[in-house]
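Let me begin by presenting the structure, written as structure tokens, before commenting on it.
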2 protein chains.
Amino acid sequence: MMSMTAEAVENARVEGMSRPPTAREKILDAYAALLRSDGERAATMDATAALAGVSKGGLLYHFPSKDALAEAVIERLLDAAQQDSERMEAAPEGAARYYVRTSTVEETEFDSFYQAVVRLAAGAHAPAVAALDQVHGDWERLVREDVADPHAAEAIMLIGEGLYYHSTMPGTWSRSLVGSDIGALLEQVDRLKEGH
Amino acid sequence: MMSMTAEAVENARVEGMSRPPTAREKILDAYAALLRSDGERAATMDATAALAGVSKGGLLYHFPSKDALAEAVIERLLDAAQQDSERMEAAPEGAARYYVRTSTVEETEFDSFYQAVVRLAAGAHAPAVAALDQVHGDWERLVREDVADPHAAEAIMLIGEGLYYHSTMPGTWSRSLVGSDIGALLEQVDRLKEGH
DNA sequence: GTCTATACTATGATAGAC
DNA sequence: GTCTATCATAGTATAGAC
């Protein structure tokens, strides 16, 4: 049986067809998971290889340097972000509500890689910072289109950022807020948006 | 001339008397500055000693391990946070406004050490996580006392978190929001607080 | 495509001179 | 109280076997 070309694999991924994860994907997921749970310091190539279940050499075949790992994580985020922006723009509830509602942690691929890139950006990794700038710029643009008052739009943006900040932070404090009633929070968003 | 006891030095600091910074303080400030600007990975003992202008051995006299450095940063944060909570509770404008207004980056010692501890917490440093939990718990308590509607209080808390998230993140995106009109944002806070 | 073995460098920490 | 060695370990990366 012929193996799939890299392009065919990528298409399969985009189209959501399930298949056994490749070693490359296992490595990338492991690296992102370590960044999220333990930070940049703990996300070493050694730990990544161990978590992915491959040897260091195996990892280095797919990602010849640590920076290559970071670039791949960023690329995955930007792919997922584009799809998210499209959903946000088309959301019947409006971009503002969509944005805040989806800013609580869900165990989506998007959240997983967003949080990983936030950790990279916290280490002043320039491409990670640039990627976050781009993602946030898209969000801000869509929320501003949805909310007439720019100051209300800013407040709503900040509520979403606050939720994400919680989601990327360990500790019990973050749980209490994130676990709280999202419906009630969306009502606050409506209040700001309606600007009465 | 007799040198001051450690206690006398601490009293002088609390009372705000100016004096030449001790080597210990220079080291602590340097470590916090590195955490803020470049993250946990870059905040090595080597880099800290170089930035503080002392040798590695000199640093290790004051802080015998890296964890001792982290503990000292956390202690400084908790000291500053207690003073901040007292000001917040006594603020004529109310805790909610005070909280949001002071969540934008000012170059205060409090902000400096808050951001440093956020970076430590992002690396899953347990005492750092616990310290942030405590600080945020105080803030939340005071804002809830100030804002009748608990859901409005939550939205206001999140706005403040969002501002801090911006402040601790490098990149141009963060500048545009943080630099925006704080007065207009406080009006949004009033709208939420009044709950009409 | 994945592995082992190995080299090089950075990091955290110790010992002891001044 | 601050310095200069010095060391053990961990992290990044290379070379080459399978």
Measure all distances between protein nitrogen or oxygen atoms and nitrogen or oxygen atoms of nucleotides 6-10 of chain C, and list the pairs falling under 3.5 Å.
none

Notebook entry, point to check: Is it true that A/Arg144 and A/Glu140 make a salt bridge, defined as a side-chain N closer than 4.0 Å to a carboxylate O?
Noted result: yes
Nearest-nucleotide check on DNA chain C, A/Ala23 vs B/Arg41; residue mapping nearer the 5' end is A/Ala23
Sorted by position of nearest nucleotide on DNA chain C, 5' first, the leading residue of A/Gly53 and B/Ala43 is A/Gly53
(message) For A/Glu93, I'd like to know if atom CD has over 12 heavy atoms of other residues, nucleotides or ligands within 6.0 Å.
(response) yes
Would you call the rings of A/His136 and B/His166 parallel, tilted or perpendicular, where under 30° means parallel and over 60° means perpendicular?
tilted
B/Glu40 CD to C/dT11 P, in whole Å, measures 13 Å
Assess whether a salt bridge exists between A/Arg97 and A/Asp190, defined as any Lys/Arg side-chain N lying under 4.0 Å from an Asp/Glu carboxylate O.
yes
Check: How about A/Tyr114 and A/Tyr164: are their ring centroids closer than 6.0 Å?
Finding: yes
### Query
Should A/Lys193 and A/Asp146 count as an ion pair when the cut-off is N to O under 4.0 Å?
yes
Under a 4.0 Å heavy-atom criterion, DNA chain D is touched by chain A from D/dG11 to D/dT14
Here the distance between atom C1' of C/dT11 and atom CG of B/Leu60, to the nearest Å, is 11 Å
Quiz question: by atom type and distance under 3.5 Å, do the side chains of B/Asp84 and B/Tyr98 form a donor-acceptor pair?
yes
Using a 4.5 Å cut-off on heavy atoms from C-beta on, say whether the side chain of B/Ile27 contacts that of B/Phe63. yes
